[in-house]
Chemist: 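Sharing a structure here in structure tokens format.
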Amino acid sequence: MCGVFSVYLPKSCQDAAKMTYFGLYSLQHRGQESAGIAASNGENIMVYKDLGLVSQVFNEISLSSLPGHLAIGHTRYSTTGGLKWQNAQPTLGNTAFGTIALAHNGNLVNSAELSKILLERYGDVQSGELANGNTTDTALITALLTGNLLKAALGYGETLLSTAHEILPLLKGAFSLVFMDEKRIYAARDRQGLRPLVVGKIGESGYVIASENAALDIVGATFLREVEPGELIMIDDDGLHSSRFAEAKRSGCVFEYVYLARPDAHIFGRAVHEARVEMGRALAREFPCDADIVIPVPESGTPAAVGFAKESGIPFAQGLTKNSYVGRTFIQPTDTLRRVGIRLKLNPLKSVIAGKKLVVVDDSIVRGNTQKALVKMLKDSGAKEVHIRISSPPVKYPCYYGIDFAKYDELIANNMSLDLIRETLGADSLGYLSIESMAKATNRDISTLCLACFNGKYPVKFSTADVSDKYLLEGGNL
Ligand code: SF4
């Protein structure tokens, strides 16, 4: 997860930070733990970041302290490194030539190896923000880039580009990066293209780079194309310059289509909303049900519920009200917060569900906490039967590429049969969409998708030591 955004405007426009603020607002669903913006007027980079939502972190005063025509921004969801102020992004790194700021969506699977490289090359793993308590893989990337620059003898701009070409091939795992020096914006995407990253045009000569196209729409930019897997982009006064640091080997995250991305996102040419409706249709064909109404678990389950209702002919109804001011439950960082989040988030509409046989459509089951609480709530509210339908297959394996369901024993489907899961949830029946139908709904060749959390086939190899601990880079762990 995490959302990244960056903008490069003509020098006459000093509102890059404000534009980034709006862009981050539209990417809030990708991370709710911290938010930050770094901006430059061509001479100096200023950064402002804090724990909290975009609307909590920024106000007119803080945004006015970030003048400049280029900026990058970040909303965080932690996968490497805990929830603390030091881990907020963008991270900063200083060199003899100036400063760089960097923001990262994804998760590296070779942080231990990269720490060793840092130690071997520069004699110190605790450089830059790493020395000040930042324990993220993002700080590691920044330290590698700046460490290399400290040794460089050339001028700054060309050197950061060539340094990026040297460092990026060393990174393994998922990374959609935006970074900047005082005068230029850069963007890079791992060779698998695990996480999305798109480029847009704004005005005559401006550019925007963002995790999802909704962020382009919100600032009035028009979609140009994806940042290609393995591509490094640099934007300066002369426009957009593209180069390649690795050959593309596409393996995009299928979970972006199922749950992560906004429904108005387009990924690899496919509208996410349409993909979700099709997943619901396929689910109705694979697991039909005798019921009175189809209700979604709002809001990510809604398109699939619409598809299920259309395909089955069972009427669609809103049986749950959602408090929109409560964040996504599975991306809250602890189980306790997740449980509280569920109770705050959903409330059954008794007049709609009492006495009815319900098909309840959700996008996925990870730990099962939401669905278990939900079935109980619905039955307590008078539902006659509750049939759970899930528009993705059972999540049986951890994700090491940027989703925080990293441990086998956290996954309800990892060690339970379908029937035992149904019983644990208290549902009258349970059906999951097949891997084949899920992949088909994305309109992509299945070989270009990462399906690892469903089938255990990981597209990027890793050592268990590297991925087993979210707090790998906490003090003394390496
Ligand atoms: S393991 Fe699952 S969630 Fe992680 S990148 Fe692959 S498909 Fe996406």
Side-chain angles (χ1 to χ4, degrees), residues 1-4 29-31 77-80 104-111 137 171-177 189-197 211-212 226 229-230 248-262 265 267-268 270 272 275-276 279 300 304 328-331 333 362-368 390-414 432-464 466-468 470:
M1 292 289 275
C2 296
V4 295
H29 63 290
R30 297 189 70 89
Y77 157 81
S78 59
T79 49
T80 296
H104 171 208
N105 168 210
N107 192 56
L108 301 184
V109 296
N110 67 332
S111 293
D137 47 359
L171 313 181
K172 291 185 190 152
F175 57 93
S176 283
L177 302 175
R189 193 171 175 208
D190 63 81
R191 63 184 301 216
Q192 289 76 26
L194 277 155
R195 301 275 148 241
L197 197 62
S211 294
E212 295 182 26
E226 283 188 21
K249 203 177 169 201
R250 271 194 189 271
S251 195
C253 171
V254 76
F255 223 80
E256 294 277 353
Y257 295 92
V258 171
Y259 169 77
L260 302 179
R262 284 170 55 128
I267 303 176
F268 204 48
R270 176 63 158 159
V272 167
R276 288 177 186 167
M279 286 171 196
S300 50
R328 291 178 153 196
T329 47
F330 110 69
I331 71 169
D362 205 350
D363 54 83
S364 54
I365 303 182
V366 178
R367 299 169 179 85
I390 303 298
S391 60
S392 63
V395 175
K396 292 186 174 176
Y397 304 89
C399 173
Y400 301 122
Y401 310 133
I403 312 293
D404 189 17
F405 43 81
K407 290 193 172 62
Y408 280 94
D409 57 13
E410 291 177 343
L411 305 172
I412 192 168
N414 178 254
Y432 284 96
L433 186 64
S434 66
I435 288 184
E436 292 70 26
S437 293
M438 173 184 64
K440 197 168 169 214
T442 68
N443 282 0
R444 283 173 71 155
D445 186 319
I446 196 166
S447 66
T448 69
L449 289 167
C450 174
L451 303 159
C453 51
F454 304 111
N455 66 9
K457 293 180 185 162
Y458 291 93
V460 186
K461 299 285 169 263
F462 49 84
S463 80
T464 311
D466 252 321
V467 297
S468 59
K470 175 175 175 175

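All values below come from the heavy atoms of this structure, side chains included, with hydrogens, waters and symmetry mates left out. In what follows, residues are counted from 1 in the order of the sequence shown. Each ligand, and each atom within it, is numbered from 1 in the order the structure gives.
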Chemist: Side chain to side chain contact (heavy atoms under 4.5 Å, CB included) between R262 and H29: does it pass, once the steps are laid out?
Modeler: CA-CA 8 Å; R262 284 170 55 128; H29 63 290; 3.0 Å; yes
Chemist: List every atom of ligand 1 that sits less than 4.0 Å from any heavy atom of V254, numbering the atoms from 1 in the order shown and giving each element.
Modeler: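 This gives 7 (S) as the contact atoms.
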Chemist: Give the numbers and elements of all ligand 1 atoms closer than 4.0 Å to a heavy atom of A452.
Modeler: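 Listed by number with element: 1 (S).
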Chemist: Any idea which atoms of ligand 1 are less than 4.0 Å away from a heavy-atom of Y401?
Modeler: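 That gives atoms 5 (S) of ligand 1.
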Chemist: Would you say C450 reaches atom 8 (Fe) of ligand 1 with an N/O/S atom under 2.8 Å?
Modeler: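 Not a single backbone or side-chain N, O or S atom of C450 is under 2.8 Å from atom 8 (Fe) of ligand 1.
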Chemist: Near C253, which atoms of ligand 1 are under 4.0 Å from a heavy atom of that residue?
Modeler: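 So the atoms of ligand 1 that pass are 3 (S), 5 (S), 7 (S), 8 (Fe).
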Chemist: Tell me if a side-chain donor or acceptor on T448 pairs with a main-chain N or O of D445 at a distance below 3.5 Å.
Modeler: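 Side chain of T448 to backbone of D445: a pair is present.
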Chemist: Pair H104, C2 - check side chain to side chain contact (heavy atoms under 4.5 Å, CB included), show working.
Modeler: CA-CA 7 Å; H104 171 208; C2 296; over 6 Å; no
Chemist: C453 heavy atoms, cut-off 4.0 Å: which ligand 1 atoms fall inside?
Modeler: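 Counting from 1, the qualifying ligand atoms are 1 (S), 2 (Fe), 3 (S), 7 (S).
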Chemist: Is the distance between atom 6 (Fe) of ligand 1 and the nearest N/O/S atom of C399 smaller than 2.8 Å?
Modeler: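 So C399 does not count as coordinating atom 6 (Fe) of ligand 1.
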Chemist: Specify side chain, backbone, both or neither for Q192, according to which of its non-hydrogen atoms lie closer than 4.0 Å to ligand 1.
Modeler: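 Neither; no heavy atom under 4.0 Å.
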Chemist: Between ligand 1 and R195, can you find any atom pair, the residue atom being a heavy atom, that is separated by under 4.0 Å?
Modeler: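 Within the 4.0 Å threshold, so yes.
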Chemist: Against heavy atoms of I403, which atoms of ligand 1 measure under 4.0 Å?
Modeler: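 Contacts of ligand 1 toward I403, numbered from 1: 3 (S).
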Chemist: Measure the spacing between CZ of F175 and CD of Q192 and express it to the nearest 0.5 Å.
Modeler: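 The CZ atom of F175 sits 8.0 Å away from the CD atom of Q192.
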Chemist: Got F255 and Y401 here, is their nearest side-chain heavy-atom distance under 4.5 Å?
Modeler: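 The answer is no, as the side chains (C-beta and beyond) never meet within the 4.5 Å cut-off.
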Chemist: Within this structure, what is the SG-CG distance for the pair C450 and N455, rounded to the nearest 0.5 Å?
Modeler: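 Reported value, rounded in 0.5 Å steps: 8.0 Å.
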Chemist: Measure the CD-CD1 distance between E256 and I267 for me, rounded to the nearest 0.5 Å.
Modeler: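 Output value for this atom pair is 5.0 Å.
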